[in-house]
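Quick caveat, the model's predicted, so the values are computed rather than measured. Count residues from 1 along the sequence. Hydrogens, waters and symmetry mates play no part in the numbers below; they use all other heavy atoms, side chains included.
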Amino acid sequence: MTQHDHDAQHDDPQAAPGARQPSRRVFLRGTVAGAAATAGLIATGAAGSAAAAPGLAGEGTGAVAAAPGGFPDYRYVKTLLTPSRLKYNPTGEIIFPCVRGVYDKLANPLGRYYLYYGPHDAPGGICLAYGNSLEGPFTEYRANPIVSNNWQPHYKVSHVASPHVLWNEDVEELWLYFHGENGTTRLARSKDGITFTYDKVVLTTAMMPAGSSETSYARVFRHDLPSRGARYVMLFMLNNQSNHRDIAWGWSKDGRDWAFDQQPLVRHSDVGSNNVGGPHLLSRNGSTYVVYNTGKENGGNLLITEVGNDFTRRDHLGVFYDSGAAAPENGRSASPSFGTDRGVPYMVYEAGERLQGSIAVARG
């Protein structure tokens with residue numbers, strides 16, 4: 001698997017939906033391409049030209065078509081976590097999963113995989129579940145939340161949410177990026193993935209153009225940018241007074257101190273959507289891509305844009321994952337996290353209406 005997939009490495013089974021019809025994927029991809037053409041930003045035709053990367057080729061899935069960029073055609077498998085079945089459930093909703101393989105990193109992990117998630121609305125809370133397979137079952141950690149909205153003397157906020165955990169090989173620690181409030185992204189660090197030490201604020205609206213109102217849902221990846229002297233990339237959602245959300249990005253040499261592009265990486269208008277968010281970085285066949293979600297009013301699907309290894313491309317390739325109309329997706333998939341389990345690629349994601357859904361897994 002690629003570095004980004006490894007960094008982005010589940011109880012409640014439901015029957016998988018029937019195979020999606022290729023005509024719908026083609027139709028949706030054409031819709032996005034049309035919107036991009038209107039904006040003068042039509043893709044360059046790179047979609048589907050990449051060969052499968054090691055550890056990511058679909059095995060025995062019977063996929064009717066590969067996703068753009070040659071990625072697997074992920075298919076819903078089951079629901080992993082449902083709010084009503086969790087002991088820590090202050091608001092009846094959970095969002096933003098992040099799954100990590102820890103079996104080869106930690107001395108005595110609770111399971112092979114750690115799944116971080118949490119509610120968004122106040123008081124939120126960063127939570128942990130663990131299991132030995134990316135298809136589950138996952139067990140809720142007995143002492144959730146592992147990070148709360150009141151961490152004295154560092155902060156006291158209405159909520160904390162959107163955990164993204166990076167294995168920092170330089171210091172052999174799990175680094176947790178999370179937001180609270182919506183305009184502030186923070187960093188905490190851990191040797192065991194459970195007990196965290198507060199580090200610092202890494203992103204606020206003050207670091208972005210005047211009028212920015214949200215800088216949240218950040219994910220950080222190990223990615224070299226030699227021209228910028230950087231070894232890490234951050235993707236996040238940016239909102240402003242227009243109330244249309246875009247994907248923004250920044251870079252860092254150490255994962256702590258950051259510089260940020262003042263222009264969006266993916267504008268909502270580039271892909272014909274009112275809002276885009278939940279970005280994730282993927283690498284395949286020598287290039288780099290961003291996968292992100294649209295709002296349900298604009299299809300509720302995951303889209304993909306090729307940005308290239310130096311982030312100078314903006315090739316909008318269309319639909320990466322076509323959300324199903326039936327439960328649990330109910331026309332919306334969001335905030336994907338990727339991993340490989342024994343050679344099989346998986347995507348863990350939000351399934352269902354925002355703040356009304358569950359955490360699900362799809363297999364490539």
Side-chain angles (χ1 to χ4, degrees), residues 7-10 80-81 83 86-102 105-106 108-111 113-131 138-168 171-205 214-221 232 234-237 255-256 258 277-278 280 335 337 348 350 355 359:
D7 280 349
Q9 312 230 264
H10 269 292
L80 300 178
L81 298 175
L86 297 172
K87 180 179 178 181
Y88 181 74
N89 179 28
T91 59
E93 45 86 17
I94 51 176
I95 65 165
F96 208 82
C98 179
V99 64
R100 288 290 171 264
V102 295
K105 299 177 178 64
L106 305 181
N108 295 293
L110 300 173
Y113 299 96
Y114 280 7
L115 174 56
Y116 297 89
Y117 66 96
H120 177 272
D121 286 353
I126 307 305
C127 298
L128 171 67
Y130 54 91
F138 275 79
T139 300
E140 179 182 11
Y141 180 62
R142 58 179 175 76
N144 281 333
I146 58 175
V147 173
S148 76
N149 64 328
N150 187 355
W151 193 345
Q152 297 296 329
H154 310 296
Y155 63 77
K156 183 178 181 180
V157 294
S158 71
H159 75 287
V160 291
S162 70
H164 177 83
V165 176
L166 165 79
W167 172 250
N168 189 313
V171 293
E172 295 188 340
E173 293 178 344
L174 289 163
W175 285 23
L176 167 66
Y177 298 85
F178 62 103
H179 83 251
E181 308 290 354
N182 286 351
T184 302
T185 295
R186 307 173 190 274
L187 169 63
R189 302 163 62 169
S190 175
K191 290 291 188 181
D192 64 5
I194 300 172
T195 302
F196 284 85
T197 300
Y198 186 82
D199 192 327
K200 62 182 293 186
V201 170
V202 293
L203 170 63
T204 72
T205 53
E214 296 177 33
T215 46
S216 52
Y217 301 98
R219 293 195 189 272
V220 174
F221 306 91
Y232 297 90
M234 179 188 294
L235 305 176
F236 59 98
M237 187 187 74
R256 296 183 70 245
W258 294 84
H280 195 290
S335 304
S337 180
V348 181
E350 293 177 31
L355 305 185
I359 303 301

Between Pro145 and Tyr88, what is the shortest heavy-atom contact and its length?
-> CD-CE1, 3.5 Å
Rounded to the nearest 0.5 Å, how far does CG of Leu176 lie from CD1 of Ile146?
-> 6.5 Å
Any donor-acceptor pair under 3.5 Å linking the side chain of Asn89 with the backbone of Pro83?
-> yes
Separation of His164 NE2 from Leu235 CG (nearest 0.5 Å) | 9.0 Å
Ignoring hydrogens and angles, tell me if any N or O in the side chain of Thr215 forms a donor-acceptor pair with the backbone of Gly183 under 3.5 Å.
-> yes
Would you say the side chain of Glu173 lies within less than 4.5 Å of the side chain of Trp167, judging by non-hydrogen atoms?
-> no
Atom OG1 of Thr184 and atom CZ of Phe178: how far apart are they, to the nearest 0.5 Å?
-> 10.5 Å
Just how far is it from atom OH of Tyr117 to atom CG of Leu80, taken to the nearest 0.5 Å?
-> 11.0 Å
Without placing hydrogens or testing angles, list every side-chain donor-acceptor pair under 3.5 Å for residues 91-98, not counting sequence neighbours.
| unit_1 | atom_1 | unit_2 | atom_2 | d |
| --- | --- | --- | --- | --- |
| Thr91 | OG1 | Glu93 | OE2 | 2.7 |
| Glu93 | OE1 | His120 | N | 3.0 |
| Glu93 | OE2 | His120 | N | 3.1 |
| Glu93 | OE2 | Asp121 | N | 2.9 |

For Ile126 and Pro163, which heavy atoms make the closest approach, and how far apart are they?
-> CG2-CB, 3.6 Å
Which of these passes side chain to side chain donor-acceptor pair (under 3.5 Å) with Tyr198: Arg186, Arg189, Gln152?
-> Arg186
Minimal heavy-atom distance between Thr205 and Glu214, with the atoms involved, is CG2-N, 3.7 Å
What residues, two or more places apart in sequence or in another chain, satisfy side chain to side chain donor-acceptor pair (under 3.5 Å) together with Ser158?
-> Glu181
Can you establish whether the number of heavy atoms outside Lys191 located under 6.0 Å from its atom NZ is more than 12?
-> yes
When rounded to the nearest 0.5 Å, the distance separating OH of Tyr116 from CG of Leu174 is 5.0 Å
Spatial distance of atom CH2 (Trp258) from atom CG (Leu203) [nearest 0.5 Å] | 9.5 Å
When you look at Tyr177 and Val202, which way does the side-chain contact (heavy atoms from CB on, under 4.5 Å) test go after all the steps?
-> CA-CA 9 Å; Tyr177 298 85; Val202 293; 4.2 Å; yes
Could you tell me which non-hydrogen atom of Gly124 sits nearest to which non-hydrogen atom of His159, and how far apart they are?
-> N-CB, 4.1 Å
Compare every heavy atom of Val171 with every heavy atom of Trp175, then report the nearest pair and how far apart it is.
-> NE1-CG2, 3.6 Å
Side-chain donor/acceptor of Asn149 to backbone N/O of Val160, under 3.5 Å = no
Indicate the atoms forming the closest heavy-atom contact of Arg219 with Ser335, along with that distance.
-> NH2-O, 3.3 Å
Does some side-chain heavy atom of Tyr232 sit less than 4.5 Å from a side-chain heavy atom of Leu166?
-> yes
Kindly say whether Leu128 contributes a backbone atom to a donor-acceptor pair with the side chain of Asn144 at under 3.5 angstrom?
-> yes
